Novice: 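Supplied in structure tokens, the structure appears directly below.
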Protein chains: 2
Amino acid sequence: MTRYSKQTRVLVAVDCIIFGFDGEHLKLLLIQRGFEPEKNKWSLMGGFIEPHEGPEAAASRILKQLTGLEGVYMEQMHVFGEPKRDPIERTLSITYFAFIDVHKYEKQLSEEYHAEWFHLKDVPKLIFDHNEMVEMAREKLRYKAALHPILFELLPEKFTIPQIQTLYENVYDTVLDKRNFSRKLLSTGLLIRQDEKDKENSKKGAYFYKLDPGIYKDKFQSFLNFIPNPQALSA
Amino acid sequence: MTRYSKQTRVLVAVDCIIFGFDGEHLKLLLIQRGFEPEKNKWSLMGGFIEPHEGPEAAASRILKQLTGLEGVYMEQMHVFGEPKRDPIERTLSITYFAFIDVHKYEKQLSEEYHAEWFHLKDVPKLIFDHNEMVEMAREKLRYKAALHPILFELLPEKFTIPQIQTLYENVYDTVLDKRNFSRKLLSTGLLIRQDEKDKENSKKGAYFYKLDPGIYKDKFQSFLNFIPNPQALSA
DNA sequence: GGTATTCGTGTCTAAATAACACTTATTTAT
DNA sequence: ATAAATAAGTGTTATTTAGACACGAATACC
């Protein structure tokens with residue numbers, strides 16, 4: 001026996017919801033699809049999974065293709081598999097959301113794919129069920145970021161507290177009190193203050209911080225309530 | 001153009017991680033696989049996705065096959081897709097975790113599949129990567145249950161506070177203070193006390209409670225911290 | 001030197017959490 | 001009938017955490 005003979009086989013794609021933060025707004029990287037069907041329509045970056053790679057590897061490959069980056073923070077989100085979602089042929093899509101530092105990605109690659117960053121309030125109509133994917137990714141982003149320090153993945157290695165606060169304010173579409181915000185953030189012990197200051201964005205200058213890699217790893221799954229000592233939970 | 005001609009197609013299965021609570025322990029429903037490869041080995045309940053159904057529909061169908069139940073609480077967990085995970089032929093598995101009330105399920109069906117409930121500490125070696133799936137499901141269960149009132153899905157319609165507490169203690173392998181636990185639980189407003197008492201498990205008897213369906217729906221996505229008013233988050 | 005801008009910090013109040021022990025209802029045994 | 005055993009139910013206090021709130025410091029520009 002070498003095949004489950006009677007069963008049907010389907011195509012499997014990977015689609016990536018790529019978030020970035022330019023210092024002002026949270027943005028989404030979209031491409032203009034280069035092939036039929038729906039050629040030239042806006043779409044998430046994606047591709048078919050290849051015979052010898054797993055879904056994670058496919059997602060990494062696709063992210064690298066578009067951004068030139070490796071080791072990007074990335075997480076499997078959800079599988080979309082309604083039979084008619086792709087009108088040509090049944091295709092399953094495994095979605096990943098990814099966070100990149102917009103300053104690091106290679107612009108020339110994005111030209112090749114006709115990629116553009118979109119403000120989340122101006123996301124155009126996308127092919128297939130991609131708008132639904134984006135919406136789910138936004139929700140998941142908000143959910144996770146409320147509990148875990150993932151938004152640092154959107155920032156450069158050195159960042160200032162006002163920058164992170166702007167990012168949180170963007171994600172939650174709200175205004176935060178900077179005294180309470182910085183106190184909470186610093187109390188996690190995640191941040192190491194640098195001597196250098198960022199003079200770009202203010203006259204006084206704001207201290208740069210870096211993440212403490214050990215504590216970052218440890219605390220990645222922390223926070224929470226309901227259970228007194230919830231040790232060892234993970235997403 | 002009717003096919004993405006050059007791409008390879010793969011089999012897609014759905015596997016269910018089914019949890020139940022017998023009043024004492026949290027348990028897992030496993031079957032003895034009825035076909036090759038790995039016939040007669042312990043396995044999660046699963047099946048191939050059919051041409052005209054989506055993944056959710058497939059999971060519902062499979063759950064119904066084994067338990068006789070419909071409308072079971074169920075959630076997509078993760079896709080496992082390493083190329084070699086099934087030695088016969090590449091097969092993607094979309095996993096769902098599900099919670100059932102053990103008292104409701106139909107035993108004769110489980111005989112047909114040679115199903116048995118296993119204590120989570122005695123899970124046998126399973127086929128392929130199913131042990132990994134179980135482990136991930138346990139983690140996700142602990143994660144979600146710390147934030148959202150999902151464990152009620154494991155209980156019958158009427159339940160007592162000592163019962164829920166035992167369930168939480170089981171899930172987190174810890175001992176909770178009953179005064180603090182019941183205060184926190186009751187403060188959610190989720191529970192409606194019945195006049196009737198459960199006399200099975202104690203001499204004094206414990207009041208039965210039911211969920212308030214409206215509040216249950218509203219509060220399903222509540223809790224959380226980090227962001228002052230995290231309104232409208234979802235899993 | 002004055003003004004405008006943004007950074008950085010401290011206090012007080014309210015709410016939530018965690019630790020802790022006794023009384024009540026009922027059954028069973030003496 | 002009385003006593004003993006068992007599990008249910010409830011209240012207080014101390015500590016911690018969260019949220020509201022305002023001013024001084026550094027610097028660039030005029």
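In what follows, chains carry the letters A, B, and so on, assigned in the order in which the sequence lines appear, proteins first and then strands, with residues in each chain numbered from 1. Only a predicted model underlies this, so the values are computations on that prediction, with no experimental measurement involved.
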Novice: Counting only distance, no hydrogens or angles, is the base of D/dA8 paired donor-acceptor with the side chain of B/K204 under 3.5 Å?
Specialist: yes
Novice: Whole-Å distance between D/dA8 P and B/R183 CZ?
Specialist: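 So the two atoms are 18 Å apart, to the nearest Å.
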Novice: Looking for any heavy atom pair under 4.0 Å, which part of the strands does A/K197 touch: base, sugar-phosphate only, or nothing?
Specialist: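 Nothing, no nucleic acid heavy atom in range.
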Novice: More than 12 non-hydrogen atoms from neighbouring residues, nucleotides or ligands closer than 6.0 Å to NZ on B/K197, yes or no?
Specialist: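 Above 12, so yes.
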Novice: Closest to the A/P162 side chain: D/dG9, C/dC7, D/dT10?
Specialist: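 Selected nucleotide: C/dC7.
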Novice: Does any N or O donor sit under 3.5 Å from an N or O acceptor when you compare the side chain of B/K178 with the base of D/dA8?
Specialist: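 It does, because a donor-acceptor pair links the side chain of B/K178 to the base of D/dA8 below 3.5 Å.
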Novice: Between A/Y105 and A/W117, how do the two ring planes meet: parallel, tilted or perpendicular, split at 30° and 60°?
Specialist: perpendicular
Novice: Quick check: does any side chain N or O of B/D15 sit under 3.5 Å from a backbone N or O of B/S93, one acting as donor and the other as acceptor?
Specialist: no
Novice: Please compare B/G205 and A/D177 by the position of their nearest nucleotide in DNA chain D and report the one closer to 5'.
Specialist: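 So the residue in question is B/G205.
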Novice: Taking the side chain of B/N180 as heavy atoms from C-beta outward, which of C/dC7, D/dG11, D/dG9 is closest to it?
Specialist: D/dG11
Novice: Would you please confirm or rule out a distance under 4.0 Å between OP1 or OP2 of D/dT27 and any side-chain N or O of A/K199?
Specialist: yes
Novice: Is the number of heavy atoms from other residues, nucleotides or ligands within 6.0 Å of CD (B/E157) greater than 12?
Specialist: no
Novice: In whole angstrom, what separates B/Q165's CD from D/dT10's P?
Specialist: 14 Å
Novice: Separation of B/F181 atom CZ from C/dA19 atom P, in whole Å?
Specialist: 16 Å
Novice: To the nearest Å, give me how far apart CD1 (A/I161) and C1' (C/dT9) are.
Specialist: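 Taking CD1 of A/I161 and C1' of C/dT9, I get 11 Å after rounding.
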Novice: For DNA chain C, whose closest nucleotide is more 5', that of A/N201 or that of A/R193?
Specialist: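 In this pair, the answer is A/N201.
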Novice: Atom NZ of A/K203 to atom C1' of C/dG2: distance rounded to whole Å?
Specialist: 13 Å
Novice: Do B/R179 and C/dA21 share a donor-acceptor pair, side chain to base, under 3.5 Å?
Specialist: yes
